[in-house]
Amino acid sequence: MELKNKEIADIFNNIAAMLGIDNSPSSKFEIRAYQRAALTIEGLQEDLGLIYGRGGIDALMELPGIGKGLAQKIEEYLKTGRIRKYEEMRKKYPIDFVELSKIEGLGAKKIGVLYKRLGVKDVETLKDALEKHKVRELAGFGAKSEEVLADGIKILESSKGRLLLGDVLPEAESIVSKLAGSGLAEGVVIAGSIRRMRETVGDIDILALSKSPEKVMDFFSGMDEVKSIISKGPTKTTVWLKIGTSCDLRVIEPDSFGAAIQYFTGSKNHNIGVRTIAVKKGYKLNEYGLFEKSGRLISSLNEETIYAKLGMQWIPPEMREDRGEIKLAQEHNIPDLIQLKDLMGDMHTHTKETDGMNTLEEMAAAAGAAGLAYFATTNHTKSLRVAKGMDEKRFEEFFKKIDSLNEKLGGRPTILKGAEVDILKDGSLDLSRAMLEKMDCVVAAVHSNFNMSYDEMTARVRKALDTGLVSILAHPTGRVINQREPYKIDLEKVAESAERGMVALEINSYPSRLDLNDTNILSLRGYNIMFSVDSDGHNVSHFGFLRYGIGTARRGWLTKANVINTMPLEKVRRFLAKKK
DNA sequence: GCCGTTTTCGGCCCGACTGTTTTCAGTCG
């Protein structure tokens with residue numbers, strides 16, 4: 001997330017917490033408004049400063065849950081670096097709510113009591129109070145509370161925050177398959193942010209259908225993956241996993257499947273939107289079904305019917321972020337999103353010749369096994385010395401190998417000749433024009449001098465695209481999740497060049513990249529540009545990353561027609577040759 | 001503080017689990 005966005009979301013969450021302590025009845029909904037806005041901002045990833053720069057207060061007010069009051073507070077923060085109302089409130093409660101709230105079981109009310117009675121304002125002062133056993137003396141707290149809080153602090157300190165989808169999804173699938181194999185459940189599925197294919201995951205949500213919930217919960221809480229049990233009941237159990245995240249299991253009657261999976265998939269703001277529509281129609285929607293006021297069940301078995309009874313089209317999970325999809329579903333204009341099976345090729349892969357782990361032959365076999373009809377090998381170029389980047393001579397040699405292997409394979413799959421050519425500091429490309437013109441697929445990327453100004457970086461990349469030699473711009477923002485911020489670049493200006501020069505923008509499927517991300521893609525909807533969903537595979541297993549890139553493309557509302565590597569080989573060759 | 005096919009006031013999603021309680025508030029998702 002963009003840094004400013006996190007700061008503003010934290011401030012809104014802090015304000016919500018402070019309002020929560022004071023407990024006036026009218027503030028109940030004000031609290032919810034601040035929390036909802038914070039959630040919206042946390043999910044944005046596009047910089048609020050950019051949005052504000054584009055359209056001012058009005059652009060901010062278009063964001064769901066942000067009205068005039070909050071838009072003005074965001075403006076104040078962007079301009080002055082502070083929000084006066086917040087600083088006033090901080091004088092009364094100088095507490096780090098955001099940090100303290102991360103402790104399981106600790107919310108605004110309890111934090112307020114701990115502050116007023118014991119002066120607790122951050123994790124350190126809480127630890128001190130716990131060690132002196134002062135917490136158990138407070139009304140509403142006991143010895144057990146001290147134990148739970150101490151455990152919560154340990155978990156918080158060992159937690160790494162949100163984990164990569166690419167790390168968590170395989171773990172979730174393993175848990176699901178064990179639960180399904182137990183014979184205790186009729187069905188087990190993944191819900192939550194994993195089903196929505198968010199790039200990072202805060203916890204794992206699993207839904208099981210069973211008529212003997214207690215047995216399922218016993219099996220689940222006893223699994224090898226589990227480190228400790230946070231709470232356990234017949235319909236809901238939460239555990240902490242050894243991989244460093246929590247996992248919720250909800251067990252539900254098979255008849256309620258549709259209502260349950262809809263509810264547990266979220267997002268929270270999407271559900272609030274859908275439930276509000278239900279209320280307006282005089283219904284009630286919960287995880288057990290859609291009901292009339294009288295309590296009569298209208299629908300519960302599948303998601304499609306529930307959305308239909310609310311006058312909506314079914315909404316793919318990846319779109320359920322309260323970003324306009326509810327209105328679209330009411331108008332029956334939900335796009336037919338791209339699917340993994342639509343991919344016919346992969347335009348960005350590496351081999352042992354540079355920093356890949358496998359030979360060309362091994363990569364070809366793996367691409368074929370992954371169901372691809374073609375793939376481009378795009379090794380690094382000479383300037384990238386750490387990756388043993390290749391010069392013109394080595395590319396000539398390597399391409400001879402491709403010719404002979406292509407002959408041998410007879411198109412199963414077809415290997416395209418390419419390079420991931422460095423865009424140098426001055427915007428020139430790291431191979432000769434003559435060499436690049438010989439290639440089927442030129443992927444260009446920035447791998448150095450990340451700290452340029454907004455204008456310099458934008459000009460650098462546009463200069464490269466404007467050569468007419470580039471087929472695809474790889475990982476266009478350069479961000480690496482939890483490691484490196486995106487470099488400063490004007491994607492709209494880049495999109496102008498891409499549109500003019502028939503350059504596809506990459507959705508890099510590497511789990512730590514996923515670049516462009518969903519919000520980048522959505523922000524470029526006004527441009528007539530194509531995308532390329534690529535693995536950036538460095539070994540044979542990395543073709544499996546493509547599902548994460550497809551998830552991101554779906555979160556960006558893309559269809560098959562927006563993505564070049566859904567085309568059959570001859571058609572994609574025409575695109576690469578820049579012929580319409 | 002947000003929001004509008006009940007539109008500028010008067011509503012605002014809904015249920016499970018826990019600990020400390022004797023009927024519920026706080027927390028979470």
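Below, chain A is the first sequence line, B the second, and so on; all start at residue 1.
- Among the protein residues, A:V279 comes within range of the sugar-phosphate backbone only, with heavy atoms under 4.0 Å from sugar or phosphate atoms but none that close to a base.
- Counting non-hydrogen atoms under 4.0 angstrom, A:A16 reaches nothing in the nucleic acid.
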Atom pairs and distances, side-chain donor-acceptor, residues 91-98 of chain A, under 3.5 Å, sequence neighbours left out:
from  : atom 1 : to    : atom 2 : distance (Å)
A:K91 : NZ     : A:E88 : OE2    : 3.4
A:K92 : NZ     : A:D22 : OD1    : 3.4
A:K92 : NZ     : A:D22 : OD2    : 3.4
A:Y93 : OH     : A:D22 : OD1    : 2.7
A:D96 : OD1    : A:E99 : N      : 3.2

Output a table of donor-acceptor pairs, distance under 3.5 Å, between side-chain atoms of residues 305-314 of chain A and any protein atom two or more places apart or on a different chain; print 'none' if there are none.
from   : atom 1 : to     : atom 2 : distance (Å)
A:T305 : OG1    : A:N302 : OD1    : 2.4
A:T305 : OG1    : A:N302 : ND2    : 3.3
A:Y307 : OH     : A:Q262 : NE2    : 3.1
A:Y307 : OH     : A:H270 : NE2    : 2.9
A:Y307 : OH     : A:R320 : NE     : 3.4
A:Q313 : OE1    : A:N333 : N      : 3.1
A:Q313 : OE1    : A:I334 : N      : 3.0
A:W314 : NE1    : A:E303 : OE1    : 2.7

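- At the heavy-atom level, A:K281 lies nowhere under 4.0 Å from the strands shown.
- Every residue meeting the salt bridge (Lys or Arg N to Asp or Glu O under 4.0 Å) condition with A:E146, not counting sequence neighbours, appears here in chain and number order: A:R136.
- Heavy atoms of A:N286 sit under 4.0 angstrom from primed sugar atoms or phosphate atoms, though from no base atom.
- Among the atoms of the strands shown, base atoms are found under 4.0 Å from some heavy atom of A:K280.
- Judged by Watson-Crick or G-U wobble contacts below 3.5 Å, the nucleotide B:dT8 has no partner.
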Protein within reach of the bases, or only the backbone? For nucleotides 22-29 of chain B, mark each nucleotide 5' to 3' as B, S or -, using heavy atoms under 4.0 Å.
----SSSB
Side-chain donor-acceptor pairs under 3.5 Å in residues 202-215 of chain A, sequence neighbours left out?
from   : atom 1 : to     : atom 2 : distance (Å)
A:S210 : OG     : A:L184 : O      : 2.8
A:S210 : OG     : A:S212 : N      : 3.0

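- Residues passing the side chain to side chain donor-acceptor pair (under 3.5 Å) test with A:Y115: none are found, sequence neighbours excluded.
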